[in-house]
Amino acid sequence: MGWALLAVGLLLCVYTLLRHGLRRVPPPRAPPALRGRTAIVTGGSGGIGAATALELARGGARVVLAARSALRGEAAARRIRTETGNAEVRFMQLDLASLRSVRAFASAFLRQEPHLHLLINNAGVSAGGTTEDGFSLCFQVNHLGHFLLTQLLLPRLQDSAPSRVVIVASQAHCAGRLRPDTLGRPPPGLLSTFQDYCDSKLANVLHARELATRLQGTRVTCYAVHPGGCCGSDVKQYVYGGWAWAWWCITDTQRVSLEVMTILCRCENIETSEGVPLYVTGVAQVKIMTEKELLAVACEQFLGKNVQDVKNVILQTLEGHLRSILGTLTVEQIYQDRDQFAKLVREVAAPDVGRMGIEILSFTIKDVYDKVDYLSSLGKTQTAAVRRDADIGVAEAERDAGIREAECKKEMLDVKFMADTKIADSKRAFELQKAAFTEEVNIKTAEAQLAYELQSAREQQKIRQEEIEIEVVERKKQIEIEEKEVIRKEKELIATVKRPAEAEAYRIQQIAEGEKVQKVLLAQAEAEKIRKIGEAEAFVIEAIGMAEAEGMKLKAEALQQYGEAAKLALVLDALPEIAAKVAAPLSRVDEILILSGESNSAVSEANRLLAEIPASVRAITGVDLTKIPLIQKLTGTQE
């Protein structure tokens, strides 16, 4: 038991030391002189960013709070301006979870601000999820968004040198592990969110080191800092209308009332636009709004304050707007249309109290009075005017009654005269109408008699027409019967004559087609026969040609082998045939006479012819017979 108590005591001591150590306010020191310097603080709407922006504003710097929530950012900027008296504190919207928003912020800043001396990349989250750009929420907000923002603003930092980039990292970077294949995506595992946070802080440190290396000599320095054991606004949890877990002795809980608050606004001796002092009392019903961002703004404004303090803040705002509006209206406008006056106050004050997370449910004017009898004078004037109008009304009513009575009597006489006139007119009209009726009856009687005769003639004519139509119908029936008889006979003719003829024609057609097929088949058979015979003859011709070619080949080889002897043998073999061809015409000659000179004889003429034979043979065959001994002997051409 003693050991348990001792352990509890030690835990309480450690908790007390840690709690007071974390919350201990540092000793005051003189703010740095930063007048003329421009700084950007991301995440400046709360936590470390708001504290940093507050100190920079105290030093006289122009501070731009870059935050995602417009309500919280505007409230933080307004609070810093109030506390420091520095009017050079403004808010610009920046959502680091969207690279498109980062580019838009950088473009707007470069367009509006000519200088940038200090960029503090402070904003950070430790939550899971994925951004619209496809990266993990923690890694993009803590590193990628700041990286892109720094690169876009780096030329302005260099132009404004000496300048500085401060990246708020964390000691948790020691547990970070960056892998190129999974960079920018949540790591797997049970503690993926914590590991993603550590990885993002490691990326912050590496970014700061590399940027410092690359910017050497440019008078732009870069630092990564560990803020120590402190908590920013992101760890706060706002709960309304329910419950939440809280660690005993560790979690700091504070409450703020969400009930409707009634505020009585009094404005005394406020001059209107005409210079009349009035006393106005209004009643407002207000409450803290429960939307997440608006509730956060209200908590930042009113946590730690009681309900009366909240009412006082709202009362000052409402009374200020009430006073300003009273100075723009006349007494008549305020007195005669209180609802419009109250609506105007509510519309003007709603944006200001809305930026504090307060909603005006209703605002009404309870009382309006003065101490110079201006309103009572307005009442007396109004009463006198009413009495005057009443007397005038009575006199006008009596006058109107007399006039109306005379008009009624005149109208009565007019009506009586008109009635008598109408009676006389009615009698005359009756007589005229009666005579007209008699005349009309006579005319109608004559017309009826004539009409009867005409109608009788028409009926006779109709009867005749119907008789003619009956005859026409009977004739048509007779024609139809005859047409049907013709059709019957035609069908009978078709059945007895046309159908057999068609059958016979069909039979003849089939026989002709059979003969045609037979002839085609015979023709095909004959063609096949001719083709076979042609193939056989071609084969024989081919064989003969091959034999002749072989013989010629052998002859060529013999000629080549035996030379002139073979050629001579060929010529000698051909000479009888040549002689026969030459002598063929002479076979039809009965007698040959050789004519020659006196000194020539038949023997010499024959020798001459023999001498010419070798030349002819040589011209025809290319064989020189003069080289043959026998021919040389005959022609006497021995070499």
Query raised in the report: Pairs in or reaching into residues 115-124: which pass side chain to side chain donor-acceptor pair (under 3.5 Å), with residues at least two apart or in two chains?
Result: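 Of all non-adjacent pairs touching residues 115-124, those that pass side chain to side chain donor-acceptor pair (under 3.5 Å) are Asn121-Thr150.
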[X] to [Y] - nearest heavy-atom pair and separation:
X: Gly124; Y: Val141; result: CA-CG1, 4.3 Å
X: Asn142; Y: Ser200; result: ND2-OG, 3.1 Å
X: Ser136; Y: Asp196; result: OG-OD2, 2.9 Å
X: Pro155; Y: Leu152; result: CD-O, 3.7 Å
X: Ala66; Y: Ile40; result: CB-CG2, 4.4 Å
X: Ser160; Y: Pro114; result: OG-O, 4.4 Å

Report task. Give a yes or no on whether a salt bridge exists between Glu513 and Lys516, defined as a side-chain N under 4.0 angstrom from a carboxylate O. Result ->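 Salt bridge absent between Glu513 and Lys516.
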Query - Mutual orientation of the aromatic rings belonging to Phe109 and Phe105 [parallel < 30°, tilted 30-60°, perpendicular > 60°] - result: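 Parallel.
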Report task. List the steps, then state whether side-chain contact (heavy atoms from CB on, under 4.5 Å) holds for Gln158 with Leu215. Result -> CA-CA 9 Å; Gln158 293 175 338; Leu215 294 178; 3.6 Å; yes
Suppose we screen for side-chain hydrogen bond (donor to acceptor under 3.5 Å, both in side chains). Which residues come up paired with [X], at least two apart in sequence or across chains?
X: Arg156; answer: none
X: His146; answer: Thr42
X: Glu74; answer: none
X: Glu466; answer: none

Point-to-point distance, once rounded to the nearest 0.5 Å, from [atom1] of [X] to [atom2] of [Y]:
X: Gln216; Y: Thr221; atom1: CD; atom2: OG1; value: 11.5 Å
X: Ser69; Y: Gln93; atom1: OG; atom2: CD; value: 8.0 Å
X: Asp199; Y: Phe139; atom1: CG; atom2: CZ; value: 7.0 Å
X: Leu137; Y: Leu144; atom1: CG; atom2: CG; value: 11.0 Å
X: Ser170; Y: Lys201; atom1: OG; atom2: NZ; value: 6.5 Å
X: Arg464; Y: Ile468; atom1: CZ; atom2: CD1; value: 4.5 Å

Side-chain polar contacts of residues 206-213 - donor-acceptor pairs under 3.5 angstrom, sequence neighbours left out - could you list them?
from: Glu210; atom 1: OE2; to: Arg214; atom 2: NE; distance (Å): 2.8
from: Glu210; atom 1: OE2; to: Arg214; atom 2: NH2; distance (Å): 3.4
from: Thr213; atom 1: OG1; to: Arg209; atom 2: O; distance (Å): 2.9

Query raised in the report: Who are the side-chain contact (heavy atoms from CB on, under 4.5 Å) partners of Ile508, not counting sequence neighbours?
Result: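 Result, side-chain contact (heavy atoms from CB on, under 4.5 Å) vs Ile508: Glu504.
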**Report entry** Partners passing side-chain contact (heavy atoms from CB on, under 4.5 Å) against Asp133 (at least two apart in sequence or in another chain)
**Finding:**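 Listed in chain order: Leu99, Thr131, Phe135, Gln140.
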Requested in this report: Could you check Arg62 against Glu113 for side-chain contact (heavy atoms from CB on, under 4.5 Å), going step by step and ending with a plain yes or no?
Outcome: CA-CA 10 Å; Arg62 178 176 175 81; Glu113 300 291 340; 2.8 Å; yes
Report task. Dump the intermediate steps for side-chain contact (heavy atoms from CB on, under 4.5 Å) on Ile511 and Arg507, then the final yes or no. Result -> CA-CA 6 Å; Ile511 292 171; Arg507 185 181 67 80; 3.2 Å; yes
Requested in this report: Kindly state each residue pair satisfying salt bridge (Lys or Arg N to Asp or Glu O under 4.0 Å) with at least one member in residues 92-108, sequence neighbours excluded.
Outcome: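 As it turns out, the salt bridge (Lys or Arg N to Asp or Glu O under 4.0 Å) pairs with a partner in residues 92-108, which skip direct neighbours, are Arg100-Glu132.
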Report task. Hey, could you give me each pair passing salt bridge (Lys or Arg N to Asp or Glu O under 4.0 Å) that has a residue in residues 469-484? Not counting sequence neighbours. Result ->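 Every candidate salt bridge (Lys or Arg N to Asp or Glu O under 4.0 Å) pair involving residues 469-484 fails, so no pair, neighbours aside, qualifies.
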Query raised in the report: Does Tyr197 have any ring pair (Phe, Tyr, Trp, His ring centres under 6.0 Å) partners at least two apart in sequence or in another chain, and if so, which?
Result: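 Ring pair (Phe, Tyr, Trp, His ring centres under 6.0 Å) list for Tyr197, sorted by chain: empty.
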Requested in this report: Could you check if a side-chain atom of Arg90 sits within less than 4.5 angstrom of a side-chain atom of Gln112, using non-hydrogen atoms only?
Outcome: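 Arg90 vs Gln112: side chains touch.
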Output a table of donor-acceptor pairs, distance under 3.5 Å, between side-chain atoms of residues 162-169 and any protein atom two or more places apart or on a different chain; print 'none' if there are none.
from: Ser163; atom 1: OG; to: Leu157; atom 2: O; distance (Å): 2.8

